[in-house]
There are 4 protein chains.
Amino acid sequence: MAVAGQRRRRKEERPGEIVEAAFEEFARSGFMATKLDDVAARAGITKGTIYLYFPSKEDLFLATMHEMSRPSREHLAALTAAPQGSAMAILRTHFAFEYAQMVEDRRTREIIRMLLAEVSRFPDLADRWRAEVIGPEVEALRRVVRYGVERGEFRPSAAEQFPHLLFAPVIMACTWRLMFGDDHALDGSAYLDGHLDLLERGLMFGSRPNPSPSAGEGAPRSGAGEGTTLPEGARP
Amino acid sequence: MAVAGQRRRRKEERPGEIVEAAFEEFARSGFMATKLDDVAARAGITKGTIYLYFPSKEDLFLATMHEMSRPSREHLAALTAAPQGSAMAILRTHFAFEYAQMVEDRRTREIIRMLLAEVSRFPDLADRWRAEVIGPEVEALRRVVRYGVERGEFRPSAAEQFPHLLFAPVIMACTWRLMFGDDHALDGSAYLDGHLDLLERGLMFGSRPNPSPSAGEGAPRSGAGEGTTLPEGARP
Amino acid sequence: MAVAGQRRRRKEERPGEIVEAAFEEFARSGFMATKLDDVAARAGITKGTIYLYFPSKEDLFLATMHEMSRPSREHLAALTAAPQGSAMAILRTHFAFEYAQMVEDRRTREIIRMLLAEVSRFPDLADRWRAEVIGPEVEALRRVVRYGVERGEFRPSAAEQFPHLLFAPVIMACTWRLMFGDDHALDGSAYLDGHLDLLERGLMFGSRPNPSPSAGEGAPRSGAGEGTTLPEGARP
Amino acid sequence: MAVAGQRRRRKEERPGEIVEAAFEEFARSGFMATKLDDVAARAGITKGTIYLYFPSKEDLFLATMHEMSRPSREHLAALTAAPQGSAMAILRTHFAFEYAQMVEDRRTREIIRMLLAEVSRFPDLADRWRAEVIGPEVEALRRVVRYGVERGEFRPSAAEQFPHLLFAPVIMACTWRLMFGDDHALDGSAYLDGHLDLLERGLMFGSRPNPSPSAGEGAPRSGAGEGTTLPEGARP
DNA sequence: AATGAATGAGCCTTCATTCAT
DNA sequence: CATGAATGAAGGCTCATTCAT
């Protein structure tokens, strides 16, 4: 009985174990360079067994991508709720979550890598990702921006048209880490803080471009008081 | 004589033609899935000829990456010049250039894709790209930001520590187009304008916390400094 | 169960079958010119199967040489026993054996051919053959010669320093047959008898060159000629 | 004029230079593994030039073998002259020559190696070698032996039927050096002296059974008692 | 005569896939 | 369900051969 239980449990877990192993190998080497022998070895089974659960290497890859992107898809529900409270607070919460997901979670990072790498072989993958993950997220962000504008919190800006601009630092940190490795990662909360700070305050002191660039080096430097306080004159 | 010239020119042009064809195939299919037969066919030669100029597929790939990233490397010189005039104007010029290069130029886009895809197989490639292209660019941006701060044009911000934040929308547009294709590209000058607008003005109207019509916890925090409070769960 | 036995036996027999087929092809064509396709075809399998048992063509060659030279290596034990009886009898027995092995056994002949042909590609092969086969044999022969000298059976001679001289006719017959084919083989027991006769009696009648070359054609010819015994009358 | 002379001389020497280079490469690597590129490089020309003089790699090999075996063929003339003086002296002279040729001359050695290695690919080569070199030599030796027997210098023996037996130590030294390298060569005049000594005197003291100190079956067989017993003092 | 760029057939090796057990 | 031996279609790379110059 116990054995049968083991067996059954085993049987139900097999596909997950295979997908798990496949993910590691696909992430390491890409689709073409991944050998089913290595996947099988990592899963502790033999090559033939993979074919009991997946009809081909391509199907295994698709299943792996689908399975591994499940958290990203599920997380979307939280974002689509009706916005409440300050728009900036919503963005803070959202990007903290996004950062944890797309930068610090190795799996999501690797999903991104594989999507980029295998688009021409699996065009549907990117399509689905856009339809089911990124697209909804962009729309949700757009709604938050509009919500902030409507409540007078945000000024009207291109962020309504391109919520991607808000999202960009997350993608930057993700691709940066994908490309240069964990040792050169941009993470740490300072990066996220900087991201949110720029979102909130913008790069420049005032609300409009400095009217006297011609002053050149003579341009009035803000005093010792670093920065966040502005000369009165610059304020309305 | 003219004929000999033809011959010689042929010989001199061959490597370039092969690299050109290789780039297309590598960009389309990735390193592993690219067949030298296809490269040869695209170059209008036969497979053996490739080996007259490149000792192996890997060398061809490396040569292709090197050759195709030459514009990016050469363009750096312009950026390292001593800054003059308004910092914002420098950024405008720079990002216009970057946008044209990393988003609208298909080749640079595909270089990025291959770097991301083949990092584990060619770790040196990413290292060199960081050392020779992205790293210098980040440093140059950092200098511009400092210059802007010193001349009182910019407020002190995390952009000094993470110039990547300024760069991020370019990467976003690049990866977006890589992943979803030209039909879903974010380009058009509106995106760049929005990027620059956000850079210049920030997302919000003023530098001071909005009087927060609804008050409450959602009110945007003043920039007084350290940042944003995050939900506990989102912190590493 | 019987079927499983078949399977298992198959698996166990495969390497031997492959080595067998490989030997024939390598012997026929040499290492470079041998196609694994031909080896596979001869073994009744496909090319890929070879790689289930041997990691490369070179390894297959080495395994083939090792396997095929096993009889030669094993036969050495008999030679290293302490000599008993007449030294000449020992030599007779030994060379009869060697002749059967190195001349009449096609496999050993072909091993010799391959050793000679592939020395520059597989230098270790010849080294091992010298250390494990020929070297010990030469030493064993040297012991027999010394034994013969010690018991007053043999005169002291260069054969102590160069037992190869005793061995040479075997090598001659081996290479002769390798080079000119079975149709021109030197074999038959007459050659071995002649070899042993020369060993025993030497080429000349007396202890010193005939003092009367002037006798010329008139020199007394031995009668019937064949055979080692001469008519009494022919002797002084 | 001088240039033209150079050119002409060059042109006439080219085939010889190519054959020279080809010999080194064929000897090193065998027919199949030899690259015409390497031959050309060694000859200081380019690959295409080889085809101006030899229609194919096979022809080049055949020409190389023919050219390199010329000394062996030419030397035969000396052997076919009518024998004069003592047969043993003829043999001495002959084997000294043969030894210098087949053992100490690297080229002849390598010719032997190639003949053995490539027989199945170039069957005619061995045939011609037998017909033009080895065969005549064997016949010449046979004549010398008969001459020695007729003049009473040699006893009748199997050497008449198998002159190869006399020749064998030369082949042994040749193949030994081919197989184990110059460092393990058997050469030095001691080997040749031993060879000639065995030829002349035989391995055993006398033609008559040794009084057999231990008697028994081990006693050396008696020849018919044909006075080959030597004065003790004449023996080393 | 000589070059050397180009060819293309061929071989070793790999690996996704199949199937008998 | 699981195995693993076997397959066979490719693909990277080599090299003898050709030919325009």
Side-chain angles (χ1 to χ4, degrees), chain A residues 7-8 10-11 14 32-40 44-60, chain B residues 1-8 10-12 14 32-40 43-58 60, chain C residues 1-8 10-12 14 32-40 43-58 60, chain D residues 7-8 10-12 14 31-40 44-60:
Chain A
R7 282 258 173 98
R8 189 187 316 275
R10 195 84 192 165
K11 173 181 170 187
R14 267 286 139 77
M32 272 297 288
T34 289
K35 300 179 239 183
L36 290 191
D37 269 316
D38 292 344
V39 172
I45 56 176
T46 61
K47 198 164 41 169
T49 304
I50 294 175
Y51 284 84
L52 295 177
Y53 299 95
F54 303 94
S56 76
K57 190 186 182 186
E58 293 207 350
D59 286 280
L60 174 60
Chain B
M1 194 68 176
V3 186
Q6 278 292 2
R7 258 297 196 189
R8 188 187 316 273
R10 195 95 194 139
K11 162 80 186 289
E12 283 158 4
R14 267 286 136 76
M32 273 296 291
T34 291
K35 295 178 258 186
L36 290 191
D37 271 315
D38 292 344
V39 173
I45 56 177
T46 62
K47 198 165 38 171
T49 303
I50 295 175
Y51 284 87
L52 293 178
Y53 300 95
F54 302 95
S56 74
K57 191 186 181 186
E58 291 207 353
L60 174 59
Chain C
M1 196 66 179
V3 186
Q6 279 290 2
R7 256 295 193 191
R8 189 185 316 270
R10 195 94 195 140
K11 162 80 186 288
E12 282 158 5
R14 268 286 135 75
M32 273 296 291
T34 290
K35 295 178 257 185
L36 291 191
D37 269 315
D38 292 344
V39 173
I45 56 179
T46 61
K47 201 165 34 171
T49 303
I50 295 174
Y51 284 86
L52 294 178
Y53 300 95
F54 303 94
S56 73
K57 191 185 181 186
E58 291 207 353
L60 174 60
Chain D
R7 282 259 175 97
R8 188 186 317 274
R10 196 84 192 164
K11 174 179 170 188
E12 282 158 6
R14 266 288 139 76
F31 176 78
M32 273 295 290
T34 290
K35 299 178 241 183
L36 291 190
D37 269 316
D38 292 344
V39 172
I45 55 176
T46 62
K47 199 163 39 170
T49 304
I50 296 176
Y51 284 85
L52 294 178
Y53 298 95
F54 303 94
S56 74
K57 190 186 182 186
E58 293 207 351
D59 286 280
L60 174 59

Asker: Would you say a side-chain N or O of Y53(C) is under 4.0 Å from OP1 or OP2 of dA5(F)?
Answerer: no

Asker: Using whole Å, what does the distance between atom P of nucleotide dC19(E) and atom CD1 of I50(A) come to?
Answerer: 18 Å

Asker: Can you name the side-chain contact (heavy atoms from CB on, under 4.5 Å) partners of T46(C), sequence neighbours left out?
Answerer: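 Applying side-chain contact (heavy atoms from CB on, under 4.5 Å) to T46(C) gives T49(C).
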
Asker: Does the protein touch nucleotides 12-17 of chain F at the base, only the backbone, or not at all? Give it as B, S and - per nucleotide, heavy atoms under 4.0 Å.
Answerer: BBBSBB

Asker: Once rounded to the nearest 0.5 Å, what's the spacing between atom CD1 of I45(B) and atom CZ of R14(B)?
Answerer: 5.5 Å

Asker: How long is the line joining CZ of R14(C) and P of dG4(F), in whole Å?
Answerer: 17 Å

Asker: Let me know the distance between CD1 of I45(C) and P of dT7(F), rounded to the nearest Å.
Answerer: 7 Å

Asker: Using the criterion of both pairing distances under 3.5 Å for Watson-Crick and G-U wobble pairs, give all stems of 3 or more consecutive pairs involving DNA chain F.
Answerer: E:2-21 with F:2-21

Asker: Please state how far atom CZ in F54(D) lies from atom P in dT18(F), giving the value in whole angstrom units.
Answerer: 16 Å

Asker: With sequence neighbours excluded, what pairs up with F54(C) under the side-chain contact (heavy atoms from CB on, under 4.5 Å) test?
Answerer: P15(C), I18(C), V19(C), I50(C), L60(C), A63(C)

Asker: Check A40(C) against K47(C) and note the closest heavy-atom contact, atom names and distance.
Answerer: CB-N, 3.6 Å

Asker: side-chain contact (heavy atoms from CB on, under 4.5 Å) with D59(A): which residues, sequence neighbours excluded?
Answerer: P55(A), S56(A)

Asker: Would you please name every residue forming a side-chain hydrogen bond (donor to acceptor under 3.5 Å, both in side chains) with K57(B), sequence neighbours left out?
Answerer: none

